[in-house]
Amino acid sequence: MKPISQEEAKHAIQLSPKRSKQYLHTRGYVREALSELWNVPALDIPLNAPPGKPPTLAKGWGHISFSHCCDGLLIGWSPKNIGVDIERADRVFKAEKVSKRYFSEKETKALATLSGEKLRTSVLKQWVAKEAAIKWQQGSLSMDLEQWYFNESSNLAIHQTLGYTIGINSFHYHSWHIAIAFNSKFHTNSIILCDELDNPI
């Protein structure tokens, strides 16, 4: 575990043991990553990241988004708004049930032609892209999941009621599937991904 703020420590003790461990881990490593980026002490990073709320940085420090799964933590930073999501690429779930419950009618019809592993993979990609878009928007899964439509051929996500159109960089990396949401006017080549050893990918 890495150092966290006193406020974050107060939040952690109010959570269940599992959620508390996740919270301590993510906030500590987010602070460490930003500390390396800005070359300032980790506890001096003006991070506001209470449980269940979109994380923010003080004005002038850019924008932050992070996501974790059972064995990975993805931290995204940008001078502009950003949203990131990560999931195990081999995650097992009932793809047809998920798509019918959480996706729009248009998406469900498009997925109806798929089955088995192709259906699972496509639903997973859609889900990760949608979560990244929701984090970019600072929205909520319950309100916005069905509203975001991800077009894999154009790498764009569209919010069907609010009219947002954003870029999505969606890709497989080692054991994970990753999606990064960003303002569509930025070129995808401006995204730099570094692994835990700080090696550009």
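Position 1 is the first residue of the sequence; numbering continues from there.
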TODO: Evaluate the side chain to side chain contact (heavy atoms under 4.5 Å, CB included) criterion for residues Ser122 and Leu124: first the C-alpha distance (whole Å), next the side-chain angles of each, then the deciding distance (0.1 Å), finally the verdict.
DONE: CA-CA 5 Å; Ser122 185; Leu124 179 67; over 6 Å; no
Would a single hydrophobic cluster contain both [Y] and [X], if residues Ile, Leu, Val, Met, Phe, Trp and Tyr are joined by side-chain heavy-atom contacts under 4.5 Å?
X	Y	value
Trp176	Ile180	yes
Ile45	Ile75	yes
Leu162	Tyr102	yes
Leu74	Val30	no

Task: With sequence neighbours excluded, residues passing side-chain contact (heavy atoms from CB on, under 4.5 Å) with Lys2 - done: Tyr29, Glu32
TODO: Would you mind telling me which of Trp136, Tyr149, Phe182 makes a ring-ring contact (aromatic ring centres under 6.0 Å, His included) with Tyr164?
DONE: Trp136
Task: Test item: side-chain donor near acceptor, His63 and Ser65, under 3.5 Å - done: no
Open item on the list: Whether the Gln137 and Trp148 side chains hold a donor-acceptor pair (N or O, under 3.5 Å, no angle test) is what I'd like checked.
Closed with: yes
Under a 3.5 Å distance rule, please check whether [X] uses its side chain to pair with a backbone N or O of [Y] as donor and acceptor.
X	Y	value
Ser20	Ala12	yes
Arg31	Ile4	no
Glu8	Pro50	no
Ser67	Ile86	yes
His177	Phe171	yes
Arg27	Ala49	yes
Asp144	Ser140	yes
Gln14	His11	no
Arg120	Arg91	yes

With a 3.5 Å cut-off and sequence neighbours excluded, list the donor-acceptor pairs that the side chains of residues 93-100 form with protein atoms.
from: Glu96; atom 1: OE2; to: Lys100; atom 2: NZ; distance (Å): 3.0
from: Ser99; atom 1: OG; to: Ala95; atom 2: O; distance (Å): 3.4
from: Ser99; atom 1: OG; to: Glu96; atom 2: O; distance (Å): 2.9

Open item on the list: Please report whether the ring centroid of Trp38 lies less than 6.0 Å from that of Trp77.
Closed with: yes
Open item on the list: I need the minimum non-hydrogen distance between Arg88 and Cys70, along with the two atoms involved.
Closed with: CG-SG, 3.6 Å
Task: Electrostatic pair Glu146:Lys130 at N-O distance under 4.0 angstrom - done: no
Open item on the list: With side-chain hydrogen bond (donor to acceptor under 3.5 Å, both in side chains) as the criterion, how do Glu105 and Thr108 come out once you've worked through the C-alpha distance, each side chain's angles and the decisive distance to 0.1 Å?
Closed with: CA-CA 5 Å; Glu105 184 178 348; Thr108 303; over 6 Å; no
Task: Residue list, side chain to side chain donor-acceptor pair (under 3.5 Å) with Thr121, at least two apart or on another chain - done: Glu117
